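Here is the structure we will look at, set down as structure tokens.
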Protein chains: 2
Amino acid sequence: MEGRRLVNPVLEAIYSRRSVRQYTDKPISPELVTEVIRAGTWAPSGLNNQPWRFAIVSDPEIKQKFEPLTKYSKIIQGAKVLIPVFVDKNAMYHATKDYQAIGACIQNMLLAAHSLGLGAVWLGEILKSADEVRRILGLSDDLELMAVVAMGYPAHRNQRSERKELDEVIVARV
Amino acid sequence: MEGRRLVNPVLEAIYSRRSVRQYTDKPISPELVTEVIRAGTWAPSGLNNQPWRFAIVSDPEIKQKFEPLTKYSKIIQGAKVLIPVFVDKNAMYHATKDYQAIGACIQNMLLAAHSLGLGAVWLGEILKSADEVRRILGLSDDLELMAVVAMGYPAHRNQRSERKELDEVIVARV
């Protein structure tokens with residue numbers, strides 16, 4: 001029933017994007033980091049409240065402080081830039097919808113990074129260390145950590161990933 | 001400080017996508033609806049748990065039953081297809097991260113629709129009628145309504161949208 005896949009550059013990006021966890025030594029130009037964040041901000045949000053906030057961590061010494069905060073310290077170590085993403089509690093209007101908006105924002109960032117030849121991965125396990133992340137960056141409690149996006153140039157592109165069949169996730173057709 | 005925007009087809013789609021609320025009479029082929037959902041499923045999710053579930057509502061009589069469930073009944077009326085998106089409570093592992101994954105999934109759907117020449121809008125206000133949506137579709141309580149994506153061919157493309165300056169949303173650079 002699923003038919004063949006249609007193709008265009010946007011669908012290509014959506015289907016070929018992978019979580020990239022190993023990076024080359026090549027640095028990322030600040031212009032590209034800005035573009036990834038800009039792409040994030042063009043996600044939709046409820047009432048267009050744009051609750052997302054971003055930090056940019058590229059200083060190696062400060063980046064190193066993130067390593068003990070997650071079991072994925074090797075990813076942090078290899079990444080050239082970390083972008084901790086926060087939700088601003090003062091901008092929120094409905095927790096579920098605001099968290100969804102943050103997810104849409106991060107997906108834009110991952111697709112933008114991929115389209116620019118970068119590799120990125122969405123780190124969620126580090127949320128257990130939200131307080132330490134805020135402390136390292138000197139940020140207030142109003143900012144709730146939502147994820148850290150780690151980026152660099154991909155060391156390779158041989159990741160595979162799997163998804164359920166569409167029939168397993170389509171629960172009604174009327 | 002923000003520099004000029006970089007351009008490629010993915011960034012173009014991210015920046016030019018708008019919430020489309022008015023549609024022509026042209027029907028949407030089932031193949032395109034399937035592709036939009038497939039694109040949604042290629043979002044990342046924590047532990048790759050893929051908690052998203054979808055319904056496809058194209059029957060005009062059933063679609064009409066959604067009209068009283070939201071103040072945006074005119075959008076429902078004009079749309080050719082509704083895709084209610086749910087989170088499967090049995091697949092969830094961390095509410096915040098699962099809601100984010102749903103948001104990433106919906107953003108993929110919106111970008112895919114845009115790339116296929118369709119117009120779509122993410123309806124969140126209808127969550128107040130989650131029980132009625134489940135009842136109309138005969139779905140169990142295990143499925144929590146996350147949003148309804150309404151789609152059709154755009155009646156026009158003159159929507160504008162605004163975003164905060166990047167300096168307002170970047171809270172730290174180190």
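In what follows, every heavy atom counts, from backbone to side chain, and hydrogens, waters and symmetry copies are set aside. Everything quoted here is computed from the prediction, not taken from an experiment. In what follows, chains are A, B, ... by sequence order, proteins preceding strands, each numbered from 1.
Using a 4.5 Å heavy-atom cutoff, the side chains of A:Lys164 and B:Thr41 are not in contact. Using a 4.5 Å heavy-atom cutoff, the side chains of A:Met146 and B:Thr96 are in contact.
Only the side chain of B:Leu127 comes within contact range of chain A, with heavy atoms under 4.5 Å apart. If you measure heavy-atom distances from B:Leu139 to chain A, the contacts under 4.5 Å come from the side chain alone. Contact annotation for B:Leu116: both backbone and side-chain heavy atoms come within less than 4.5 Å of a heavy atom of chain A. Within the 4.5 angstrom heavy-atom criterion, only backbone atoms of B:Glu168 (N, CA, C, O) approach chain A. Proximity to chain A involves both the backbone and the side chain of B:Leu111, based on heavy atoms less than 4.5 angstrom apart. Heavy atoms of A:Leu143 lying under 4.5 Å from chain B belong exclusively to its side chain. Looking at A:Leu82, neither its backbone nor its side chain comes within 4.5 Å of chain B, counting heavy atoms on both sides.
Counting only N and O atoms by type, the side chains of B:Gln50 and B:Ser45 include no donor and acceptor under 3.5 Å apart.
Annotation: cation-pi geometry not satisfied between A:Arg17 and B:Trp42 (NZ/CZ under 6.0 angstrom from ring centroid, within 45° of ring axis).
The candidate with the highest count of non-hydrogen atom pairs below 4.5 Å against chain A, out of B:Leu137, B:Ile62, B:Ile102, B:Leu11, is B:Leu11. When A:Gly46, A:Ser19, A:Ser161, A:Ala13 are compared by the number of non-hydrogen pairs under 4.5 Å with chain B, A:Ser161 comes out ahead. When the candidates A:His94, A:Gln107, A:Glu12 are compared by the number of heavy-atom contacts under 4.5 Å with chain B, A:Gln107 comes out ahead. By number of non-hydrogen pairs under 4.5 angstrom with chain A, the leading residue of B:Ala43, B:Ser58, B:Pro84, B:Gly103 is B:Gly103. Contact count versus chain B (heavy atoms, under 4.5 Å) is highest, among A:Ala112, A:Pro44, A:Ala55, A:Pro30, for A:Pro44.
A 6.0 Å sphere centred on NZ of A:Lys74 holds no more than 12 heavy atoms belonging to other residues, nucleotides or ligands.
Ionic pairing of B:Arg53 and B:Asp88 is present here: one or more N-O contacts between side-chain nitrogen and carboxylate oxygen are shorter than 4.0 angstrom. Remark: B:Lys65 does not engage B:Asp59 in a salt bridge, criterion side-chain N to carboxylate O under 4.0 Å.
Looking at B:Asn48, its side chain does come within 3.5 Å of a backbone N or O of A:Glu162 through a donor-acceptor pair.
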